Amino acid sequence: MKVLVIGGGTGGLALAHGLKRAGIEVAVFERDALRTDGLHGYRVGIDPDGSRALNALLPKHLYDTFVATRARDPKYFNMLTDDFKEVLSLDIPPSIDPVESEKSISRMTLRQVLLTGLDDVVQFGKDFVRYEQHADGHGVTAYFADGTTATGDLLVAADGSGSRVRRQYLPQAKTEETGIIALAGKLALTEESAKLVPPKVFEGISIVNAPHGLACILHVMEFQWDRDGNVKQGIGGNTEELIRQWPGLQFDNTRDYINWGLSATADKLPADVMDLRGQELVDLALKITPDWHPNLRRLFELTDPGTCFPVNIWTSVPLDPWQTTNVTLLGDAIHTMTPGRGVGANTALRDAMLLCRKLIEVRDGRTQLLQALGEYEAKMIEYGFDAVIKSKAQMSASDPMHKPVVGRVVLAGMRTAMRTVNHLPPVKRRMRDSMLAYRGADRDETAFEITPPLAN
């Protein structure tokens, strides 16, 4: 069996690791020309679902490197007003378990970790054009813009929300705009910038909810290496050794930073917002937040303009099951979701783990390929589109919060309710536990360990 994976994102690369370890031939075709391309975004929260998948799919030394290269763990989830007053703060319980825990990861670093050890698997500069399924139903050929082709038994679409594979395979699958646009940026963590945020914000994940439906997420990311790429003093033992020996570090330019994402409905932003870059986006962030706390505005002012970019938030439209063939999909290629629940990357990793498990069953002769893919798709559709729906509910222009008059009433009501919860420890614990459970904490999933191929 040979598997063709179109797209070298989080889910596709994780799947490739698992298949390679299982002795299943796999090739990944990535549109980016170089390993250093595609370093977009700043933070991704890897929850227990995502960690469980990475632990199952990656070689042990590489999973350990993933854990060692994370930022320090968040201690709080905070909700704030635009004048930097606390509305709600939930403690995130500390965990020494390297799998069953929340982790803050640089997207750049995660990509480099996942590319490590796949030099013989990933082909760069491969811009997918189309595929062709063989008449006998037992093969599929992918065609690329450079005139080359690749043939395998299974083609996996892991090429993101704009998936060309999906457009050909499932033309009925649609994505739609949520009406929300986000501006993103980051600034170096310095003595000045560190003093701009309260202690709980410094050590947590924070969301500012403001009038007019504006929202801003803040993360402070501190790593175990310094601004010159050297391991910080005080790091010892296996962690230091892992970081020093990790070949991906030479490609990474991530140092301690604060990143922010400011979102609003499109009607509150310039019509050409998606064409703005650099200082134009910093200026826009300041323009739409004139009454915000001076410290928040100073964070915007200190932002490196070269790190700023706009994001038009899209979401998939849930889809009925389709007839299974030797083409399948994972991650954003099939269930694009808003960042409202923060589970997009984790759901892609969950897909990769499930698909790898099913393909190992095919490898071992316990099932046929189409049956295995059908079982994978049935489960993936169920949890994937559930996440799509719940994520959209957290981030959509149709939310009353964005309405001119009603929005202020809704915001005031939400703040009052959350402040009440903030003074009721048992209720806070239940809310926190519910949030963590949704992100995979203590999820009852069958343990999965990759085994070598059975002897003939």
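Residue numbers run from 1 in the order of the sequence given. Computed from a predicted model, the values in this text were never measured in an experiment.
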(Q) So Ile258 and Leu302, do their side chains get closer than 4.5 Å, heavy atoms only? (A) no

Q) Do you know the tightest heavy-atom contact between Asn422 and Ser89? A) OD1-N, 3.1 Å

Q: Examine Lys358 relative to Tyr376 and say whether NZ or CZ is less than 6.0 Å from the centre of the six-membered ring and inside a 45° cone about the ring axis.
A: no

Q. Under a 4.0 Å N-O cut-off, is there an ion pair linking Arg70 with Glu102?
A. no

Q: Name all residues meeting the salt bridge (Lys or Arg N to Asp or Glu O under 4.0 Å) criterion together with Arg415; count only those two or more places apart in sequence or in a different chain, and write none if there are none.
A: Asp82

Q. Any ion pair linking Asp256 and Lys232 (charged N to carboxylate O, less than 4.0 Å)?
A. yes

Please set out all donor-acceptor pairs under 3.5 angstrom arising from side-chain atoms of residues 283-292, sequence neighbours excluded.
unit_1	atom_1	unit_2	atom_2	d
Asp283	OD1	Gln279	NE2	2.9
Thr289	OG1	Ala285	O	2.7

Q. Can you tell me if Ser316 uses its side chain to pair, donor with acceptor, with the backbone of Thr175 under 3.5 Å?
A. no

Q) To the nearest 0.5 Å, what is the distance between CG (Asn259) and OG1 (Thr303)? A) 9.5 Å

Q: Could you list the residues that satisfy side-chain contact (heavy atoms from CB on, under 4.5 Å) with Val406, not counting sequence neighbours?
A: Pro400, Lys403, Val410

Q | Contacts of Asp399 that satisfy salt bridge (Lys or Arg N to Asp or Glu O under 4.0 Å) - sequence neighbours left out | A | none

**Q.** side chain to side chain donor-acceptor pair (under 3.5 Å) evaluation trace for Ser193 with Lys195
**A.** CA-CA 5 Å; Ser193 62; Lys195 291 178 179 178; over 6 Å; no

Q | Exercise: identify the closest heavy-atom pair between Arg167 and Gly162 | A | NH1-O, 2.8 Å

(Q) Pair Ser104, Phe223 - check side chain to side chain contact (heavy atoms under 4.5 Å, CB included), show working. (A) CA-CA 10 Å; Ser104 285; Phe223 300 93; over 6 Å; no

Q. Sequence neighbours excluded, which residues qualify as side chain to side chain donor-acceptor pair (under 3.5 Å) partners of Asp91?
A. none

Q.
Can you give me the closest heavy-atom contact between Cys308 and Gly278, atom names plus distance?
A. CB-O, 4.0 Å

Q. For Asp159, does its backbone N or O pair with a side-chain atom of Ser163 as donor and acceptor, under 3.5 Å?
A. no

Q) What residues form a side chain to side chain donor-acceptor pair (under 3.5 Å) with Asn312, not counting sequence neighbours? A) Glu177

Q. Tell me, do Ser51 and Glu100 make a side-chain contact under 4.5 Å, heavy atoms counted?
A. no

Q: Would you mind reporting whether Thr69 and Val113 have side-chain heavy atoms less than 4.5 Å apart?
A: yes

Q.
Let's go through Thr336 and Thr315 carefully: what are the C-alpha distance in whole Å and the side-chain angles of both, what is the deciding distance for side chain to side chain contact (heavy atoms under 4.5 Å, CB included) to 0.1 Å, and is it a yes or a no?
A. CA-CA 5 Å; Thr336 297; Thr315 184; 5.5 Å; no

Q) What pairs meet the ring-ring contact (aromatic ring centres under 6.0 Å, His included) rule with one or both residues in residues 64-94, with sequence neighbours excluded? A) Tyr63-Phe66, Phe84-His293

Q: Give a yes or no on whether the backbone of Met79 and the side-chain of Glu86 come within a donor-acceptor separation of less than 3.5 Å.
A: no

Q | Heavy-atom donor-acceptor pair, Asp332 side chain to Ser161 backbone, under 3.5 Å | A | no

Q) Does the distance from a Lys or Arg side-chain N to an Asp or Glu carboxylate O, for Glu301 and Arg298, drop under 4.0 Å? A) yes

**Q.** Separation between OG1 of Thr65 and CG of Leu58, rounded to the nearest 0.5 Å
**A.** 9.5 Å

Donor-acceptor contacts, no H, no angles, side chain residues 11-20, under 3.5 Å, sequence neighbours left out:
unit_1	atom_1	unit_2	atom_2	d
His17	NE2	Leu114	O	2.8
His17	NE2	Thr116	O	3.4
Lys20	NZ	Gly117	O	2.7
Lys20	NZ	Asp120	OD1	3.1

Q.
Among Leu349, Asp49, Asp47, which residue satisfies the side chain to side chain contact (heavy atoms under 4.5 Å, CB included) criterion with Val343?
A. Asp47

Q.
Determine whether a donor-acceptor pair (N or O, by modelled atom type, separation under 3.5 Å) exists between the side chain of Arg277 and the backbone of Pro310.
A. no

(Q) Please check: side-chain N/O of Glu30 versus main-chain N/O of Asp32, any donor-acceptor pairing under 3.5 Å? (A) yes

Q | Any residue meeting salt bridge (Lys or Arg N to Asp or Glu O under 4.0 Å) with Arg166, in chain and number order, not counting sequence neighbours | A | none

Q | Sole candidate of Phe144, Phe124, Phe128 that passes ring pair (Phe, Tyr, Trp, His ring centres under 6.0 Å) when paired with Phe29 | A | Phe144

Q) Got a sec, which residues hit salt bridge (Lys or Arg N to Asp or Glu O under 4.0 Å) with Lys174, two or more places apart in sequence or on another chain? A) none

Q: May I ask you to decide whether Arg429 forms a salt bridge with Asp433, counting only side-chain N to carboxylate O separations under 4.0 Å?
A: no

Q: Apply the test side chain to side chain contact (heavy atoms under 4.5 Å, CB included) to residues Lys60 and Asp64: give CA-CA distance (whole Å), side-chain angles for both, the deciding distance (0.1 Å), then the verdict.
A: CA-CA 6 Å; Lys60 183 181 185 306; Asp64 290 344; 2.7 Å; yes

Q) Would a 4.5 Å heavy-atom cut-off, applied to side chains only, mark Val327 and Leu373 as touching? A) no

Q: Specify the closest pair of heavy atoms between Met353 and Ala56, including all atoms of both residues, with the distance to one decimal.
A: SD-CB, 3.9 Å

Q. Tyr383 vs His335 aromatic rings, parallel, tilted or perpendicular, using cut-offs 30° and 60°?
A. tilted

Q. Hey, does the side chain of Arg130 reach the backbone of Val165 with a donor-acceptor pair shorter than 3.5 angstrom?
A. no

**Q.** Closest approach of Ser263 to Ile180 (non-hydrogen atoms, all atoms of both residues)
**A.** CB-CG2, 3.9 Å

**Q.** Arg31: side chain to side chain donor-acceptor pair (under 3.5 Å) partners, not counting sequence neighbours
**A.** none

Q | Donor-acceptor contact present, side-chain His402 to main-chain Ser398, <3.5 Å | A | no

Q.
Applying side chain to side chain donor-acceptor pair (under 3.5 Å) to Thr328 and Glu377, what does each step give before you reach the verdict?
A. CA-CA 8 Å; Thr328 195; Glu377 290 171 352; 2.8 Å; yes

Mind listing the side-chain donor-acceptor pairs of residues 197-212 below 3.5 Å, one per line with the distance, residues two or more places apart or on another chain?
unit_1	atom_1	unit_2	atom_2	d
Glu203	OE2	Lys75	NZ	3.1
Ser206	OG	Asn78	ND2	3.0

Q. Can any side-chain N or O of Thr416 pair as donor or acceptor with the backbone N or O of Ala412 at less than 3.5 Å?
A. yes

Q: Check the pair Asp304 / Leu187 against side chain to side chain contact (heavy atoms under 4.5 Å, CB included), numbers first and verdict last.
A: CA-CA 6 Å; Asp304 176 359; Leu187 57 147; 5.9 Å; no

Q.
Donor-acceptor pair, distance only, cut-off 3.5 Å: does the side chain of Thr338 make one with the backbone of Ser391?
A. yes

Q | Check: Ile334 and Leu319 side chains under 4.5 Å, non-hydrogen atoms | A | yes

Q) What's the shortest heavy-atom distance between Trp260 and Leu299, and which atoms? A) NE1-O, 4.4 Å

Q.
Are the side chains of Leu62 and Leu54 in contact, using a 4.5 Å heavy-atom criterion?
A. no

